[in-house]
Amino acid sequence: MQFLFVLDSVENPTSANVTIALRLAQALTQAGHSVRLLHLWDGQTPPAALPSCPDTRLAFADERMMNAALENGAKQGSALPLRLVRLLRHPSAVAAAVRQLVLHAPRRETDTRRAIEQLDSQFHFDVICAVCAPYRSAFALEKSRVGAKKVLWQLDPYASNKSYQAPGGYARELALLSSMYAAFVTEQAAPDYAPGAPLSDAHDKIHTLHFPALIRPEPIQAETPGEKCCVFCGSLYPGLREPDFALTLFEVLAPDCGWTLVMAGGGWEHFPEAARRADALGSRLFRPGPVPAARARALQAGAEVLLSIGNLTDNQLPSKIFEYFAAGKPVLHLSMTVNDPALPWMARYPLALVLRPDDSDASKKLAHWLESAAGQRLRFEEVATLFPEVCPGAAAQEFLNGLNLPGTENAGESLQGDTE
């Protein structure tokens, strides 16, 4: 079969959604299918390439500059006049803002729609899949005139995304789904499509799909900012992923314990008080800010313990936990909600410690566990046995089963046991 995957890394050049989609694309090519990529990028950070998947790239530096100047429309942050002054410094960003905010025709939708139609006319795809979020590619696919089956892969929810108010809400999402042949969602999003739920009218099009996230880590030179490092790599967001509990735990540890908390990534500007507390820890906390993907991997490779900060929402599962499991290292998970979707996965991982803010003994448990966990490792083969459903081959078979199209019936044999 011939597939086109539409990927978007304009807002986030190191997007986990793009990484996950590339793993599925590679698994499909290993099963004998043909996959092309249409990649929307920021014009500054070239996206990753797959030798097995030819790609077409559309650069949107204008939207990147617009988003930076307007601070992505965040309610908190700089005053509106200051944002407008920054915007006016870049004429192409001004044009992007006019197209998006006034004409309601962002270039990322119009140019992407044209590219989808041109590629389909040239290669005659069986399936075109838009990977979301963000959803610009989905809206472009919705409006495109193509012969291929249109498919949506919602790695992040649209209307039920609690970290922002989606334009049009559930009605807009239903309209989008009505134009699709099928849609794939995470297990956490499935309740939105149950009888009586807001998206129940689209139930017959919905299939759950596990993350094709578990792959053997590539060898990389480790970076170790301290004697023993507990490493978190990821962005912080108010109301979604916050640093306070992690700081509280490490503030209580003895200053001479030898452990360094590493927190790489952006978002600290939203937490000025937490940033002050982090600075007060001195050399016990290392904050390099946003780092390239290669350096994030180097920091994780140098970690004794990997830190997972749970989301404050219960309908999104961080795919990063499978990257942590694949490393075979001890994982400290901070669970922030009663219905934390990561908990069932952590319960299956032998080297995990789960702590909650309402646990009065959390600091003591952490101190004891850190000493016993240091140096423990699981082989990748052991981890793959624990989590077979998130190996790329298994997820690719789920994807093909959901499509239920001619050409997918006998793919299972070539995908069985694929853990790479």
Side-chain angles (χ1 to χ4, degrees), residues 222-238 240-291 295-312 318 320-321 323-325 327-337 340 342-343 345-347 349-378:
E223 179 179 347
T224 53
E227 178 185 345
K228 293 178 291 188
C229 294
C230 179
V231 174
F232 167 80
C233 293
S235 298
L236 303 173
Y237 300 99
L240 181 64
R241 192 178 306 116
E242 301 184 349
D244 298 275
F245 185 34
L247 292 175
T248 298
L249 289 170
F250 278 82
E251 283 170 337
V252 177
L253 290 179
D256 60 351
C257 66
W259 283 91
T260 299
L261 175 60
V262 179
M263 298 189 70
W268 286 94
E269 66 275 11
H270 303 300
F271 304 96
E273 175 57 24
R276 184 196 64 76
R277 292 169 59 195
D279 291 341
L281 285 170
S283 61
R284 296 167 57 200
L285 193 147
F286 178 56
R287 283 196 301 146
V291 298
R295 191 179 181 198
R297 290 194 295 270
L299 289 167
Q300 290 174 188
E304 283 290 332
V305 168
L306 295 167
L307 172 61
S308 166
I309 300 179
N311 290 347
L312 289 164
K320 183 176 288 294
I321 66 172
E323 182 180 340
Y324 284 3
F325 295 160
K329 296 184 177 185
V331 174
L332 170 62
H333 179 69
L334 308 185
S335 181
M336 309 306 293
T337 65
D340 181 353
L343 292 181
W345 298 97
M346 291 294 165
Y349 188 65
L351 302 184
L353 173 68
V354 175
L355 296 176
R356 290 183 48 81
D358 58 4
D359 185 345
S360 59
D361 292 326
S363 296
K364 291 181 180 178
K365 290 178 181 177
L366 175 61
H368 176 75
W369 180 81
L370 284 174
E371 295 312 311
S372 63
Q376 294 194 48
R377 298 289 184 272
L378 293 177

_On a heavy-atom basis, which atom in W345 and which in F325 lie closest, and how many Å separate them?_
O-CZ, 4.0 Å
*How far apart are the closest heavy atoms of Y324 and C233, and which atoms are they?*
OH-N, 3.8 Å
Exercise answer: donor-acceptor pairs, residues 278-288 side-chain atoms, under 3.5 Å, sequence neighbours excluded:
from	atom 1	to	atom 2	distance (Å)
D279	OD1	R287	NH2	2.8
R284	NH2	F250	O	2.7
R284	NH2	L253	O	2.9

*Taking salt bridge (charged side-chain N to carboxylate O under 4.0 Å, His left out) as the test, write out the residues that go with E323, two or more places apart.*
none
*Expected output: side-chain K329 to main-chain A303 donor-acceptor under 3.5 Å*: yes
*Any chance you could lay out the side chain to side chain contact (heavy atoms under 4.5 Å, CB included) test for H270 and L236, step after step, and finish with the verdict?*
CA-CA 8 Å; H270 303 300; L236 303 173; over 6 Å; no
*Given R377, M346, Q376, the one that forms side-chain contact (heavy atoms from CB on, under 4.5 Å) with L351*: Q376
For residues 254-263, which side-chain N or O atoms pair as donor and acceptor with protein atoms under 3.5 Å away, sequence neighbours left out?
from	atom 1	to	atom 2	distance (Å)
W259	NE1	E371	OE2	3.1

_With heavy-atom distances below 4.5 Å as the criterion, would you say the side chains of V331 and I321 are in contact?_
no
*CG of N311 to CG of L334: how many Å apart, nearest 0.5 Å?*
11.5 Å
*asked:* List the residues meeting side-chain contact (heavy atoms from CB on, under 4.5 Å) with T224, not counting sequence neighbours, and say none if there are none.
replied: none
*Can you list the residues that meet the side-chain contact (heavy atoms from CB on, under 4.5 Å) rule with T337, with sequence neighbours excluded?*
D314, D340
*Using the test side chain to side chain donor-acceptor pair (under 3.5 Å), find all partners of D361 that sit at least two apart in sequence or belong to another chain.*
none
_Testing the basics here: between A274 and L247, what is the closest heavy-atom pair and its distance to 0.1 Å?_
O-CD1, 3.4 Å
*Going by the salt bridge (Lys or Arg N to Asp or Glu O under 4.0 Å) test, which pairs reach into residues 241-250, not counting sequence neighbours?*
D244-R277
*Which pair of heavy atoms, one from C229 and one from G226, lies closest together, and at what distance?*
SG-N, 3.3 Å
*At what distance, to the nearest 0.5 angstrom, does OH of Y349 lie from CG of L378?*
5.0 Å
*Taking all non-hydrogen atoms of both residues into account, name the closest pair between G265 and W268 and its distance.*
O-CD1, 3.7 Å
_Where S335 and P357 come nearest, the two heavy atoms and their spacing_ = O-CD, 3.3 Å
_Restricting to side-chain contact (heavy atoms from CB on, under 4.5 Å), what partner residues turn up for E227, sequence neighbours left out?_
none
_Results of side chain to side chain donor-acceptor pair (under 3.5 Å) for E304 - residues two or more places apart only_ = none
*asked:* In the structure I gave you, are the side-chain heavy atoms of P330 and L353 within less than 4.5 Å of one another anywhere?
replied: no
_K365: salt bridge (charged side-chain N to carboxylate O under 4.0 Å, His left out) partners, not counting sequence neighbours_ = D359
